[in-house]
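The block underneath contains the structure these notes are about, expressed in structure tokens.
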Amino acid sequence: MNALESQLAYVFGDTIPAPGTLLPVAPGVAWLRMPLPFALDHINLWWLDDAEAGAALIDCGAGTDATRSAWEQLFAGPLNGRRLARVFATHCHPDHVGLSGWLCERFDAPFWTSAAEFGFARMMAAGLPGVDGPSAIPHFRRHGLRDPAMLAQMESRRNYYPSLVPSVPPAYTRLQDGQEVDIGGRAWRVITGFGHSPEHVSLYCAALSVLVSGDMVLPRISTNVSVFAVEPEGNPLQLYLDSLQKFSDLPADTLVLPSHGKPFRGLHQRIEQLRAHHSARLDEVRAACTKPVSACDILPVMFRRPLDAHGLSFAIGEALAHLHYLWHDGSLVRVTGEDDIVRFQLA
Ligand SMILES: [Zn+2]
């Protein structure tokens, strides 16, 4: 546990659900964990009692053999005979929607998410130009990545999303900000969030004082906030910080169920920690911009650890998100050099 985590209360201590099991965390709400093939090695899913002895699932796990076999173990064991009545997705990232097509088809269950998350999941699963792997290469080159070995590694990730999301359901039920959704006789309010993904869905149940935060508020790591090739002028960090404000009205004792890490209380402290984190990052970036710098130039300032291709693609996006925040607020100017590299400098 790091110093910041010690300001939060991990309600269940170090207890986590073993593979193939569910752990009750609130009345009618159970916690499942699925493996992930990354440094971030797990995702949390939430299994909610729904109407007529059916269940609602929030998020699905990545489309890997390990996740499929964990599901088979659950369906043969503790979930034997249970009907999955609805599948919700907080957002389009592969660990969240990966097996949505597989699960919805298996149970003939409808798929619930926001319009933008549905659209992006469909676009990325189809590998459309602009959101596919190859589109990232000129974006990274423009922002200073010129190392041929690293570019070759990036190139080899061209099939990243479809490889983890074999199918997305062809139709969906729309979730919108402020909407109240009845799950198992309790009202859950949709809180949309921006900056991490196009229209992220968090769900809050006042009766249980439970927030399914998805990736918008995580207890240990900060949510990835990146500028991507598909939206090259974007200001996702501003969107993310504005979105955090939407959670600050929730009660201080809200039980937060995050997609990564462990359930906790201390939502308001965590939001303050995240604000402080980004504010410190922005100070570092501002200090590095006394001369023209590209996103790649400031990676050693922001990330003091070696990065593989997966980590590097997130790091460049994240560096750019901080540069764009300062560019959009007028602190920095943006210039494109004769080498076609984009650089930022104090205005
Ligand atoms: Zn995500």
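Remember, it's 1-based here, ligands and their atoms both numbered in the order they're listed.
- Of all protein N/O/S atoms, those lying under 2.8 Å from the Zn ion (ligand 1) come to 4.
- No side-chain donor-acceptor contact under 3.5 Å links H42 to the backbone of M34.
- Around atom CG of D65, no more than 12 heavy atoms belonging to other residues, nucleotides or ligands sit under 6.0 Å away.
- For the side chain to side chain donor-acceptor pair (under 3.5 Å) with R334, the qualifying choice from H328, E233, Q345 is E233, the only one to do so.
- By the 4.5 Å heavy-atom criterion applied to side chains, M154 and L145 are counted as neighbours.
- S202 and K246 form no side-chain donor-acceptor contact under 3.5 Å, judged by distance and modelled atom types alone.
- D215 and H200 share no side-chain donor-acceptor pair at under 3.5 Å.
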